Amino acid sequence: MSLLRSVARELKNDFVGAATTPLDLYRELRYTAAGVRSGEISPMRPLKTAGLTLGALVAVLTLLFPIYWILISALSGTGGSIHSVDGLRLLPEKPSLQPFIWVIGDLILPSYEIGLGIPFSDSTLVFNTPGFELLDASDYGVESPSGFKKFFWNSLMVAIPTVILGMCLIVPAAYALSRREFIGRRKILFGYVLLTQVGGGLGIALLIGLYTVFVQVGINDNKLALSVYYAATAVPFNTWLLKTYMDGIPVSYEEAAVVDGAPAWRVVVEVILPLSKAGLATVFIFTFLTGWTEFVVAQTLLGTENYTLPVGLFSLVSEYSVPWARFSAFALTFASPIMLVYLFAQRYIEGGLSFGGMEG
Amino acid sequence: MATVTLDHLRKEYDNGQIVAVDDVSLTVEDGEFVTVVGPSGCGKSTTLRMIAGLERPTDGRIYVGNDDVTGVHARKRDVAMVFQNYALYPHKTVEQNMAFGLRMSTDLSKDERRETVRETAEMMGIEDLLDQKPDELSGGQKQRVALGRAIVRDPDVFLFDEPLSNLDAKLRTTMRTEIQRLQNELGTTSVYVTHDQEEAMTMGDRIVILNGGELQQSGVPKEVYNDPANEFVGGFIGSPSMNFLTVTVEESGGTTRLVGEDGFEYGLTDERLRNAVRGREQVRLGIRPEDVRVAEPGLDAVETTVEVIEPVGSDNYLHLALGEDSIARVASDVEPDTGETIHVSFDPSDLHLFDASDGESLLYEAERSATPTV
Amino acid sequence: MATVTLDHLRKEYDNGQIVAVDDVSLTVEDGEFVTVVGPSGCGKSTTLRMIAGLERPTDGRIYVGNDDVTGVHARKRDVAMVFQNYALYPHKTVEQNMAFGLRMSTDLSKDERRETVRETAEMMGIEDLLDQKPDELSGGQKQRVALGRAIVRDPDVFLFDEPLSNLDAKLRTTMRTEIQRLQNELGTTSVYVTHDQEEAMTMGDRIVILNGGELQQSGVPKEVYNDPANEFVGGFIGSPSMNFLTVTVEESGGTTRLVGEDGFEYGLTDERLRNAVRGREQVRLGIRPEDVRVAEPGLDAVETTVEVIEPVGSDNYLHLALGEDSIARVASDVEPDTGETIHVSFDPSDLHLFDASDGESLLYEAERSATPTV
Amino acid sequence: ASVQENGETTTSGDGAGTTDGDDSTQTETTETGPAGTAKAWYRLQNTELEARKEALSQFNADSKHTIEGSDVSDLKKKTTSAIPAGQGPHVFDWAHDWVGDYLQRGFVVDRSDQLNVDLNTFTDAAAGAVQFDGNVVGLPYAAETVSLVYNKDMVDEPPETVADMKSVMKEHHDPQNGTYGLSYPFDPYFVSAWAQAFGGYYFDPDKDPQLGLTKSETVKGIEFALDNLKPYMPKDPSYGAQAAPFSEGNAAFAINGPWYLTTLKEKGVNFGVASLPKLESGQPRPLTGIQMWYFSKAMGEDGADTAAAQSFVEWYVTNEDLLTTAAEEHGSIPVLESLSGSDALPSDVQAFSETVSQGVPMPTHPKMGKVWQPLTDALTKVYNGDAGVEPAMKQAEKTVRENWE
Amino acid sequence: MSTVSRVAGRVEEVPFLEREDASLLLVLPGLFVFSAFMLFPILYLLGISFTNAEPATLFAGDGAMSVLTFGEASFVGLRNYVTILTDPNFWNSFGITWLFVATSVTLKLTLSIGVALIVTGDRVRGKRLMRSLIIIPMGLPAIFTITVWRGIFSSAEFGLANQVLDALGFASVSWLSERWMAFLAYNVTEAWLAYPFMVIITVSALQDVPEELHEAAKVDGAGYLARFLHVTLPSIKRPVLFAAILTAAASFQQFLIPYVFNQGGPARANELMVVYGYREAFTYFQYGQGAAISLVAVAFIGAFMWLNVKRGKLADGVGDT
Ligand SMILES: Nc1ncnc2c1ncn2[C@@H]1O[C@H](COP(=O)(O)OP(=O)(O)OP(=O)(O)O)[C@@H](O)[C@H]1O
Ligand SMILES: Nc1ncnc2c1ncn2[C@@H]1O[C@H](COP(=O)(O)OP(=O)(O)OP(=O)(O)O)[C@@H](O)[C@H]1O
Ligand SMILES: [Mg+2]
Ligand SMILES: [Mg+2]
């Protein structure tokens with residue numbers, strides 16, 4: 001609970017921080033300007049800052065150019081294409097948000113009737129919640145919007161159990177590996193480091209075997225089973241990552257808690273976990289991403305009704321034609337939550353990935 | 001409240017390759033404040049951690065009160081520990097930090113806990129900080145909170161592991177007084193580890209000196225100061241350090257003379273001293289800086305040159321060309337020039353004599369047989 | 001070798017919201033060893049870092065020798081700096097650490113560098129450590145290497161930022177002497193920052209006291225000790241601290257009396273003191289612990305009770321019920337009981353008087369006009 | 001049991017609700033026996049999907065049976081993994097080139113004895129395509145092949161001969177300014193028209209040798225395409241790159257299939273379809289694909305579900321209304337004898353239909369599966385100019401033979 | 001160093017959480033689930049690799065269970081392995097794969113460190129926002145990005161890469177039909193796919209470099225480049241090395257890029273190991289052989305990781321006691 005509250009607080013701080021950034025920038029500008037005018041600050045300095053910032057911006061934009069290019073095609077009102085004969089184009093042709101609207105579809109919250117029986121009487125209070133019509137796709141000429149919302153829901157239904165299960169497997173293991181000495185500890189650690197990457201490319205032949213097993217057990221086309229699979233693949237890397245992070249937490253906190261009379265599990269819950277926040281956030285994002293972006297296994301195991309977003313994305317592509325505008329719009333919409341999450345979790349992820357325990 | 005008894009405690013690390021604590025026996029009386037001092041790596045922390053239950057002794061036993069707690073888990077011992085880096089939980093507020101121990105080790109209700117914490121916080125003068133996080137506190141405030149966290153639990157024993165070493169000089173003196181005041185008020189048995197001999201001297205009812213894992217001496221600070229059991233203790237306690245000279249004993253007829261390298265000569269008249277050196281070829285002579293007096297040339301006076309003069313405001317330290325580096329602490333108005341030749345003398349009762357090979361005090365032995373310490 | 005001159009130096013952070021250093025002017029003479037002392041956050045490090053070129057002053061200028069180096073990059077200034085945490089390159093051996101500066105700032109060949117490093121290492125007594133990595137060294141050894149790294153470059157100016165604060169008490173004194181010895185030998189202009197006033201006093205040819213970013217006083221340690229410019233300096237320099245009492249000035253006829261709260265009364269006879277307090281209602285009276293003498297009841301003696309007695313071996317500290325917390329430093333054989341009533345007296349020449357509102361010394365002013373410091 | 005039973009499929013939601021009322025009135029399928037439920041898989045473009053759903057709900061409404069249709073991406077992988085695991089559909093919709101391979105793997109079953117539809121109702125090519133070794137593993141409903149598409153804004157009349165076409169292409173080909181003569185994906189399927197124009201072939205189980213890659217006629221055909229068409233095409237032989245210029249109105253011609261028309265309509269290209277231009281000797285003979293419903297392994301046993309699946313397929317492939325609509329809306333080329341070549345069909349479809357009649361159905365033999373990849377490699381190589389046609393084909397032939405072993 | 005030992009050397013007692021060896025129980029669930037999903041398939045693959053399985057045999061037989069007993073495929077011993085190891089294509093693929101690992105890792109490292117330095121620069125404003133932006137590629141499914149890059153590297157004049165070249169005044173390039181151009185295209189794409197992860201790690205590492213070291217070097221007279229070489233690089237070496245090893249393994253197993261671009265072409269010249277295995281298994285339907293190739297690949301990558309992890313002491317840096 002307090003964890004949630006602290007997350008909320010951090011979020012608030014981030015928002016405030018983000019909101020005051022322009023203000024700070026303005027203050028700096030004013031201060032520098034005043035300094036330059038009075039001759040205290042040589043004009044080279046702000047110029048150098050501006051130049052370097054600009055350089056960085058150019059570098060970042062160059063890196064992101066493919067994304068921008070996708071965006072152009074997503075905003076194109078003419079179906080878009082990544083093959084454009086008409087030369088390098090930096091603005092979309094006949095710009096239109098239609099592809100995005102097609103992706104999102106209607107956003108209509110239907111009105112519900114809520115009846116509240118009043119105790120000891122026969123009467124019922126009836127409320128009608130107002131219906132919200134945020135976006136009606138047909139207003140924009142989109143007749144049959146994509147299945148994005150359904151896929152999104154499916155993806156959530158896969159990703160959430162993946163994260164929950166993954167965390168349940170990873171956190172205790174990471175703790176034990178970081179703080180306890182037991183038989184095989186080093187072997188397991190070593191194995192985990194080895195296995196962090198091996199496996200991804202085992203190939204599709206594997207998949208058939210895997211699928212057959214799933215069918216045998218009767219859990220194919222089951223989102224939960226897929227989650228279990230994802231959680232399993234996420235185990236080695238993330239366990240190792242979290243363990244490394246936990247290594248960086250000073251033992252004295254634990255000792256203080258032990259001397260304070262806390263039993264082991266409370267030490268973990270009250271001290272280790274809150275202090276591993278950054279590591280947990282990183283692991284959280286990585287396990288989430290596992291389930292969110294994986295395509296091949298999901299496509300093999302899931303039936304049409306259970307398609308997750310990546311599979312849904314690829315069901316847009318038919319043998320010969322790619323509807324680029326919609327395809328791109330779909331992909332970008334799909335990636336946007338991750339971007340947002342990262343924007344806010346950035347500090348933690350950068351902290352969580354710092355391999356605190358790795359001494360050089 | 002309870003006595004703490006360490007009985008031939010030994011702790012080995014790395015399968016016996018490192019002996020951190022070697023056969024230490026000690027009794028801390030109920031309500032006593034014992035300071036443990038020694039150079040870095042001498043085993044102070046290890047000893048303390050064994051009392052806390054954070055390390056398991058390789059050998060020997062630990063008693064709190066009448067209970068043998070050697071095998072008892074740290075969380076079941078009713079001790080509170082203050083760590084060098086405070087070890088305040090950074091994600092909890094001051095109040096939560098202080099209440100944590102109560103939550104874990106007592107059945108108090110939430111309100112009772114809050115009440116208790118509030119009382120202690122008032123006592124420590126940190127009631128305004130209760131809602132803050134440790135990050136937002138200054139060093140001194142953190143230290144107070146760390147103390148408060150220990151006090152609030154009202155434990156049998158307080159353990160302090162260099163709690164002041166991260167504070168700056170001024171703050172350290174303030175907090176020192178504060179801790180003493182608290183201990184007087186609460187009267188809880190306390191073991192206080194420090195590497196600062198001044199802290200150890202001023203704070204402890206009794207002072208325990210460790211070196212290389214072994215107990216060197218334990219006693220009332222003043223006694224230890226005046227009558228160190230060996231050269232190590234003599235040199236370690238007191239600032240500036242005791243001056244040491246290796247001297248040859250020359251007995252001729254009824255007089256005994258101690259002869260040093262740089263033309264140092266000192267005649268022993270005191271019978272006790274003469275007895276102590278009798279039959280020895282070499283001894284180590286120890287004399288505290290404040291016992292070195294600048295004197296007129298004369299029979300007992302030793303001639304030497306001033307190498308450096310160091311003013312510390314209240315006094316001046318004269319570095320003399322005697323032995324390796326001898327210091328005389330003189331009043332701040334005694335200001336010889338560098339290189340000046342002066343004469344110094346010392347009172348026979350201020351002299352310390354140590355065995356030249358093993359450093360044991362030649363005077364302490366005699367005395368100890370009469371009045372055993374601990 | 002060079003003088004270092006700071007000319008109305010000012011440093012603002014966070015776009016002027018924090019003023020870390022405020023209008024500091026100071027000249028460090030060629031070969032002089034100046035210590036800068038002050039409480040945490042007073043701007044010591046910032047000042048030092050501006051001299052090193054690691055921070056750029058918001059205002060004011062810095063000269064090394066006759067050159068204005070204010071806008072010169074750190075790496076072009078010929079200064080060497082010793083950092084609090086040593087800042088040794090962890091992946092380089094001791095030798096590489098020491099040679100790095102030579103590699104970067106001189107054209108020496110590899111062999112010459114090796115030779116120079118070896119010479120310096122011998123001077124520092126670390127020639128055996130040359131092939132080790134910093135991780136494998138103890139605190140004292142690291143400190144030596146850090147010093148060696150600075151020395152080997154034979155810079156114009158040495159800068160030290162609390163280089164000893166991570167060492168334990170004993171080691172600190174040893175290293176202190178070592179640094180002094182080196183500086184004597186090399187005669188390089190040095191600025192040494194510390195928060196430990198004793199270190200500042202003993203080491204500095206001159207001591208500079210900062211508070212809140214402002215220069216409070218600068219002068220020879222002894223002068224500063226004896227004649228603090230204001231209450232802050234008086235209280236900061238000296239250990240235990242100067243005792244302060246707020247007293248009312250009562251002038252009646254030819255006598256001037258200072259009257260305090262707890263029945264404290266002291267008659268001023270000295271003309272200089274009487275002039276200083278003339279026309280004032282309240283002043284702050286300062287007296288150093290070693291100037292408080294236990295006396296027989298008498299005309300000038302003040303009656304008070306002993307609250308705590310703290311033995312530090314060489315002396316005893318008596319905590320007296322005067323003002324907030326007054327301390328008398330007395331010989332270790334003066335041992336009144338706690339609670340005992342005693343009489344203390346002080347010499348008029350040991351008295352310090354400060355303005356009750358702004359803390360400026362009432363005596364220093366007078367003197368300064370006669371002999372200006374820096 | 002299948003897990004999918006729990007989840008409702010896209011179409012049956014509404015369908016199930018409305019069936020009750022209409023059931024008694026509409027009983028086209030007059031079979032006896034219990035009502036069954038069958039799964040049908042297909043992979044369609046967005047536009048066709050609507051029509052397919054429509055057809056399914058129509059069938060479900062008219063019949064006591066229920067068909068659950070799913071649009072499955074990567075149908076090949078899904079069928080390969082699901083069918084052997086017993087999770088496959090009853091019927092699936094794909095071109096006929098899997099017939100031999102899937103039959104051999106046991107993924108599809110012969111139902112020649114149980115059929116209620118006479119294969120003679122289809123064109124010969126179509127009827128032949130659904131069979132292998134005398135096994136009938138499905139029923140055809142459409143044909144597809146590549147034909148000539150021209151931009152009416154750039155070309156007034158579709159060229160009769162390759163020579164005419166070349167002169168038009170020459171006129172419009174100007175890559176510097178982003179215009180091209182021809183949009184033509186260069187792979188075995190698309191190129192087959194020329195490769196087989198002079199009597200060559202890739203693979204024909206009935207000929208000797210079965211593999212015709214190195215036959216001089218085949219080589220000559222490919223060389224013909226390289227010499228006459230490649231100079232007017234973008235440099236990238238891949239489908240996406242080739243399709244782009246024409247669909248943006250920047251190429252005079254395209255050679256492509258009916259599926260391409262959807263894109264063209266979407267992008268507003270003013271196009272026309274014609275049969276492939278003639279040669280001086282020989283005639284372009286493209287490989288044609290027959291769209292068909294396969295009888296999957298799940299139909300190996302008779303039962304209500306199998307009956308459902310079969311009745312659906314039979315209904316679908318013989319439903320003239322449906323097929324005509326498909327032809328009109330999606331350029332689908334009917335293979336019902338009664339519709340094929342009919343003047344009622346739109347002109348685009350007629351043009352394609354004509355090309356189909358010149359074409360050769362793709363071989364269904366499983367060995368064909370191992371020909372495609374080496375052949376593709378060879379064509380890419382010759383297109384890039386890395387090798388002559390003959391050596392490239394030799395190499396390909398060698399690889400194919402090795403893989404056959 | 002002694003994180004473990006210190007807590008470990010500590011007292012016993014009842015509840016199992018406080019028992020050292022019982023802590024194994026905390027690790028087992030993860031280990032078990034992982035093994036169930038990853039080790040089983042590897043074993044299955046191992047089984048297939050000793051048979052002559054192909055679709056016709058592997059899926060023959062009744063019931064899905066028969067798939068697990070390899071259908072009607074028969075045991076052929078090491079024949080598949082022999083076939084592979086004597087296939088010149090395999091050795092070509094082997095060589096090009098390692099070359100790809102070497103070049104792509106170098107490229108990735110250079111790119112990521114460069115970008116990381118840029119987005120942590122002292123003088124750069126808006127660093128945080130830039131850092132969030134540049135990780136976007138991580139949120140897109142790889143197959144999508146690769147498809148897009150396939151379009152970028154189209155050999156046609158209007159491929160994006162060619163258009164850029166054109167704008168810069170260069171002639172257009174047949175990217176995917178020239179061996180080394182295609183190889184270059186793979187590398188660029190691979191680097192672009194991997195840089196977000198590498199940049200995050202490098203940025204984290206950079207932020208952990210003690211500022212004091214930089215200052216010491218500045219005072220020592222070191223310029224930007226010298227500081228980068230003598231302070232920054234050594235300080236970030238280990239985390240970056242670790243990331244490099246991970247990403248090397250990813251490069252080694254890259255399938256989608258060569259496959260989507262040109263099936264490892266032109267003419268199988270750039271067929272990375274996994275593509276080679278895929279081609280054997282799926283285009284030529286030699287499941288047995290495909291499995292054997294996959295396993296050989298796994299063995300190589302395993303050995304590679306093992307070596308690096310051992311040599312870089314990555315496993316012990318953390319838990320060495
Ligand atoms: N976990 C450990 N493993 C191995 N050796 C250890 C361990 N802990 C302490 N030691 C060794 O035991 C000896 C005593 O250590 P201890 O920490 O008790 O010293 P200390 O007196 O507290 O020193 P300091 O003043 O530096 O804190 C040292 O030599 C140290 O190296
Ligand atoms: N980079 C910075 N940004 C903002 N404020 C700073 C910065 N560096 C120092 N300050 C502020 O400037 C003031 C002086 O800092 P400085 O580090 O010089 O103090 P100090 O005397 O060295 O203290 P200490 O003894 O703790 O080292 C402090 O209030 C500090 O908070
Ligand atoms: Mg310790
Ligand atoms: Mg500082």
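Worth saying up front: this structure is predicted, and the values here are computed from it rather than measured. By convention in this document, chain letters (A, B, ...) are assigned in the order of the sequence lines, proteins followed by strands, and residues within each chain are numbered from 1.
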Given heavy-atom pairs under 4.5 angstrom as the criterion, report whether the side chain, backbone, both or neither of Tyr195(E) touches chain A. side chain
Side chain, backbone, both or neither of Thr239(A) within contact of chain E (heavy atoms, under 4.5 Å): neither
For the atom pair CD1 (Ile136(E)) and CG (Leu71(A)), what is the distance rounded to the nearest 0.5 Å? 9.5 Å
Counting heavy-atom pairs under 4.5 Å with chain E, the top scorer among Ile170(A), Val171(A), Ile67(A) is Ile67(A)
Gap separating the CD1 atom of Ile143(E) from the CD atom of Gln299(A), nearest 0.5 angstrom: 8.0 Å
Return the orientation label for the Phe197(E) and Phe286(A) ring planes: parallel under 30°, perpendicular over 60°, tilted otherwise. tilted
Can you give me the closest heavy-atom contact between Pro137(E) and Leu64(A), atom names plus distance? CD-CD2, 4.5 Å
What about Phe65(A) and Trp192(E), are their ring centers closer than 6.0 Å? no
Roughly how far, to the nearest 0.5 Å, is CG of Leu25(E) from CZ of Phe182(A)? 9.5 Å
Contact check, side chains of Leu24(E) and Ile188(A), non-hydrogen atoms, under 4.5 Å: yes
Find the one option among Leu61(A), Val60(A), Thr49(A) whose heavy-atom pairs under 4.5 Å with chain E are most numerous. Thr49(A)
Just say parallel, tilted or perpendicular for the rings of Trp324(A) and Phe144(E), cut-offs at 30° and 60°. tilted
Picking from Leu309(A), Leu313(A), Val311(A), what satisfies side chain to side chain contact (heavy atoms under 4.5 Å, CB included) with Pro141(E)? Leu313(A)
Okay, Trp306(E) and chain A: the region with an atom under 4.5 Å from a heavy atom over there is both
Who among Pro310(A), Pro236(A), Gly184(A) has the most heavy-atom pairs with chain E under 4.5 Å? Pro236(A)
Spacing of Leu140(E) atom CG and Ile70(A) atom CD1 [to the nearest 0.5 Å]: 6.0 Å
The interface call for Leu57(A) against chain E, heavy-atom contacts under 4.5 Å, is both
Do Pro66(A) and Ile152(E) have side chains that get closer than 4.5 Å, going by heavy atoms? yes
Hey, does Leu31(E) have a side-chain heavy atom less than 4.5 Å from the side chain of Val235(A)? no
To the nearest 0.5 angstrom, please state how far the CG atom of Leu111(E) sits from the CG atom of Leu63(A). 5.5 Å
Using every non-hydrogen atom in the two residues, find where Ile118(E) and Ala56(A) come nearest and quote the distance to one decimal. CG2-CB, 3.3 Å
Student check: side-chain heavy atoms of Phe34(E) and Thr233(A) closer than 4.5 Å: no
Can you establish whether the number of heavy atoms outside Lys127(E) located under 6.0 Å from its atom NZ is more than 12? yes
Nearest heavy atoms of Val124(E) and Thr53(A), plus distance in Å: CA-OG1, 3.6 Å
Which of Leu289(A), Thr293(A), Ile285(A) passes side chain to side chain contact (heavy atoms under 4.5 Å, CB included) with Met138(E)? It is Leu289(A)
Side-chain heavy-atom pair Val33(E), Tyr229(A) within 4.5 angstrom cut-off: no
Let's test your reading of the structure: which of Leu54(A), Leu332(A), Val228(A) forms the most heavy-atom pairs below 4.5 Å with chain E? Val228(A)
Structural part of Phe314(A) lying under 4.5 Å from a heavy atom of chain E: side chain
Of the backbone (N, CA, C, O) and the side chain (C-beta and beyond), which part of Ala59(A) lies under 4.5 Å from a heavy atom of chain E, both, or neither? side chain
Ile135(E) portion near chain A, given a 4.5 angstrom heavy-atom threshold: side chain
